[in-house]
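What follows is a set of notes on a single structure, which appears directly below.
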Amino acid sequence: MPKYLLIMRGTDESNAAMMAGIDEMIATTRQFIDEMVKAGVLLAAEGLDDPRQGVVVDFSAETPVVTDGPYGETKELFGGFFMLDVASKQEAVEWAKRVPVARGAKIEIRRVPGSDEVPQA
Amino acid sequence: MGTVDVEAVWRIESARIVAALTRFTGDFCLAEDAAQEAVAEALVSWPVTAPVNPGGWLMATARRRAIDAIRRSVALRDRYPLLTADTPPASEPDPDRIDDDLLALMFISCHPVLSPESRVALTLRVVGGLSSEEIARALLVSVPTVQARITRGKKTIAAARIPFELPVADERRERVGGVLTVLYVIFTEGSTATSGDRLVRPGVAYEAIRLARTLAALLPDEPEVHGLLALCELTAARFPARTGPDGSPVLLEDQDRRLWDVSAVRRGLAALARASTRGLGPYGLQAMIAATHAAASSVETTDWERIVVLYEALGRVAPSPVVDLNRAVAVAMATGPERALAIVDELTVSGRLAGSHLVPTVRGELLARLGRRPEARAELELAARLCTNRRERSVLLQKAAGLG
């Protein structure tokens with residue numbers, strides 16, 4: 001069955017807004033997760049730490065080059081995900097609309113192909 | 001995708017709306033009718049003006065329709081002042097109350113007073129949020145048939161005055177078992193389609209898994225709920241390998257296990273761990289058998305002796321001829337076809353699975369392995385005649401033909 005990854009993309013501004021109200025955000029997110037669990041659609045959910053603590057391993061050269069800090073530009077950074085098991089892409093969209101996020105953030109929805117499918121280019 | 005998708009929103013909201021309205025009006029049938037009217041209105045009005053809060057819109061509209069219906073109904077008029085009071089059901093949702101209502105909705109949809117067909121249709125409709133068309137497609141029956149099952153079910157509930165509440169303690173275990181049976185019937189409809197030309201219909205099985213997850217979240221202390229969920233997840237994990245590119249069935253021994261869904265296996269094992277805290281029931285034991293298969297890289301490396309022991313245990317807690325037949329298959333793998341044939345012959349004599357294609361299928365396989373080819377061929381041909389799934393039937397005929 002189709003699975004969908006809801007990829008959270010925050011900007012510096014939305015991340016700052018989220019951190020300003022982090023306690024409330026944690027509480028509403030917890031409630032939202034509970035709702036998805038009881039709907040039988042949530043497979044996994046994680047939030048990521050500060051992108052500045054990240055490390056990038058770059059394979060452009062013959063040997064991998066390791067650099068500290070976020071990947072690429074600091075706008076629209078991957079901040080976390082929800083993996084949903086829903087009946088349709090439309091349903092994934094409707095769940096995505098309910099995710100508690102700060103203004104300015106975006107959610108990208110990507111389909112996860114089954115183990116018997118070849119991913120579409 | 002500029003508009004709001006009514007079906008998708010309904011999938012998410014239906015159970016809570018019908019549950020809240022039933023609690024609110026005390027009338028399950030009225031609540032379900034009102035909810036369906038709200039969906040019909042949404043299908044007309046949302047493409048023109050999409051609501052800002054689609055869930056809230058559906059709840060408010062359904063509530064208005066419920067009040068209209070009550071105004072028209074003399075019998076319910078005494079509840080009218082209560083309903084029009086300024087306390088909409090969704091104004092201050094109490095999470096525990098919502099959970100109890102959702103559970104009560106599952107119990108009423110699977111109530112023993114209903115026919116098995118009505119239980120399945122009502123559960124898919126009110127808890128799963130599927131339309132009559134979707135249910136008809138899932139069950140391979142006509143839309144009017146689904147509608148008739150739902151209407152009949154609702155009438156039965158009304159006539160028997162089934163209250164909208166959680167079962168009392170001494171009925172609880174049995175009622176939970178009743179819900180599990182309905183979910184398992186839905187799952188098996190998807191995992192081994194009893195009719196039609198497709199062997200596996202993952203969409204139907206998925207609905208059962210989703211409902212089982214809901215039940216597991218609402219009843220975390222019921223081991224068999226986790227057992228059923230584990231069984232469904234572990235069985236569904238094999239779906240990608242169970243049919244060939246042309247839709248024909250691939251037997252366990254021939255499956256490309258690299259196609260098994262490892263995430264589903266992991267979820268199944270996690271549910272099984274939760275199920276086994278207080279000893280395994282029938283679903284938990286079947287899940288444990290599926291887990292034993294999942295742990296092996298091939299049929300040869302499978303721990304068949306363990307599977308025999310698990311089938312023996314299953315036969316003790318839930319005796320059934322199908323379990324005996326499966327035990328025979330496991331015995332054949334663990335110790336050889338002779339002892340297995342003895343079990344199958346006992347079954348044949350008892351006549352407990354008369355008319356099913358399963359006994360001659362297994363008997364034919366065992367005879368073939370013993371080199372008794374003419375007898376094997378006759379058994380497989382008999383199995384083909386009894387089998388109702390076209391894909392399975394053609395495999396049986398091929399095998400019979402192969403025996404010369």
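Chain naming here is simple, since letters A, B, ... match the order of the sequence lines and numbering starts at 1 in each.
Only the side chain of A:Glu35 comes within contact range of chain B, with at least one heavy atom under 4.5 Å from a heavy atom of that chain. Contact annotation for B:Glu134: neither backbone nor side-chain heavy atoms come within less than 4.5 Å of a heavy atom of chain A.
When only modelled atom types and interatomic distance are considered, B:Gln255 and B:Trp260 share a side-chain donor-acceptor pair under 3.5 Å.
Ranking B:Asp99, B:Val262, B:Ile209, B:Leu218 against chain A, the residue ahead of the rest is B:Asp99, based on heavy-atom pairs under 4.5 Å. For the set B:Ala241, B:Pro240, B:Ser263, B:Ala217, the entry with the most heavy-atom pairs within less than 4.5 Å of chain A is B:Pro240.
Counting heavy-atom neighbours within 6.0 Å of A:Glu24 CD, excluding the residue itself, gives a total of 12 or less.
When each of A:Val41, A:Val37, A:Leu43 is checked for a side chain to side chain contact (heavy atoms under 4.5 Å, CB included) with B:Arg213, only A:Leu43 meets the rule.
Judged purely by atom type and a 3.5 angstrom limit, B:Thr188 uses its side chain to pair as donor or acceptor with the backbone of B:Val185.
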